[in-house]
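Data block below; observations after.
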Amino acid sequence: MRIASWNVNSIRARIENVTSWLRLAQPDVLLLQEIKCQTDDFPRFEFEALGYHCAVSGQKSYNGVALLSRLPPTETLTALPGAEPEPLQARYLEATIGDFRIATAYIPNGNPLGTDKYEYKKAWLKRLKAHCQTLLAQEIPFIIGGDFNVIPESRDVYDPQGWANDALFAPPTLALWHELLNLGLTEAFRALNPTASEAYTFWDYQAGSWPRNQGLRIDHFLLSPEAADRLTACTIDRTPRGQEKASDHTPILLSCD
DNA sequence: ATGGTTGTTGGACAA
């Protein structure tokens, strides 16, 4: 099975980019983040025409996630369990596909530090950890893909010092990231590409970040131990980032038996 | 260099 994840920064603005990439890459599952539309406005017909079922958790203007799958997803969960402050933000969707639970996640950006936004990010990561603990206790193999808004290491950012006080790389963020990994989860790209550097998944629209290759590696897959045992490859496809009307993120792809 | 860009939306906010 091949599973991809892509923060598309508006699915309606990006429909041509995403459908053309799907025709080429042919993943079995595509996890989307930042669809920026309400559930009923998701362009599901375009994806159904390509042979994908759609599961969507959208909202007006911001956020929103979706899961496209050749096999029909079942037992769909449209929010991360646990108490959340109002207004609710559409950042998580999970479903059963084959013998995996597969989730699409859009972790809050959290900037700037010292604000309610950063507290919300930390609380969200703690809630994700609690949910992972539940799945692990039930021995359900799972794969969570998405825009984590976390830079795991210095080699995953073009200017580590410049990002030291950013919510994507600040020590409390990395501490929560490590708490997730310490549950026994595998971060697929780093596990299979232990020496890779400049393996970015995001380049800002501003300041010529893309042509200068000033990027961040913030889109990830986390796998439970049973899922990690079946992991065979994890790659980043830079091609879509260089195309017309590109998202500021590019897809990450995972293969497992 | 306190800038720069994109999307939603129709001014400001998020990233």
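As a basis for the values below, the full set of heavy atoms in this structure was taken, side chains included, without hydrogen atoms, waters or symmetry mates. In what follows, every chain begins at residue 1, and chains take the letters A, B, ... in the order their sequences are listed.
Rounded to whole Å, atom P of B/dA14 lies 4 Å from atom NZ of A/K117. Between A/K36 atom NZ and B/dG7 atom P there is a gap of 8 Å when expressed in whole angstrom units. In this structure, the CG atom of A/N9 is 10 Å from the C1' atom of B/dA14, given to the nearest Å. Per the geometry, CG belonging to A/N63 stands 9 Å off C1' belonging to B/dA14, to the nearest Å. Taking atom CD1 on A/I11 and atom C1' on B/dT6, their separation rounds to 16 Å, with Å as the unit. Rounded to an integer number of Å, the gap from A/Y62 OH to B/dG10 C1' is 12 Å. Between the CZ atom of A/F169 and the C1' atom of B/dA15 there is a distance of 19 Å, rounded to whole Å. Distance A/Y205 OH to B/dA14 P: 18 Å, rounded to the nearest Å.
If you check the side chains of A/D219 and A/T201, you find a donor sitting under 3.5 Å from an acceptor.
Under the side-chain contact (heavy atoms from CB on, under 4.5 Å) test applied with A/W124, the options A/R127, A/K121, A/K126 reduce to a single match, A/R127.
Among the atoms of the strands shown, none is found under 4.0 Å from any heavy atom of A/F202. Residue A/R91 is in sugar-phosphate contact alone, with no base atom involved, counting any heavy-atom pair closer than 4.0 Å across all strands shown.
A/K60 has no side-chain polar atom (N or O) that falls below the 4.0 Å cut-off from OP1 or OP2 of B/dT8. At the phosphate of B/dG7, OP1 or OP2 sits under 4.0 Å from a side-chain N or O atom of A/R14.
Listed nucleotides: B/dA15, B/dT8, B/dG7. Nearest to the side chain of A/S61: B/dT8. Of the candidate nucleotides B/dT8, B/dA15, B/dT5, B/dA15 has the atom lying nearest to any side-chain atom of A/N109.
A centroid separation of 6.0 Å or more is found between the aromatic rings of A/F148 and A/Y106.
Take the nearest nucleotide of DNA chain B for A/Q206 and for A/R12: the residue whose nucleotide is more 5' is A/Q206.
Across the C1' atoms, B/dG4 and B/dA15 are found 13 Å apart, a figure rounded to whole Å. When the P atom is compared between B/dA14 and B/dG10, the two are found 15 Å apart, to the nearest whole Å.
With a 6.0 Å cutoff to the six-membered ring centre and a 45° limit on the axis angle, A/R217 does not count as a cation-pi contact of A/F202.
In this structure, A/W177 and A/H220 have tilted ring planes: the angle between them lies in the 30° to 60° band.
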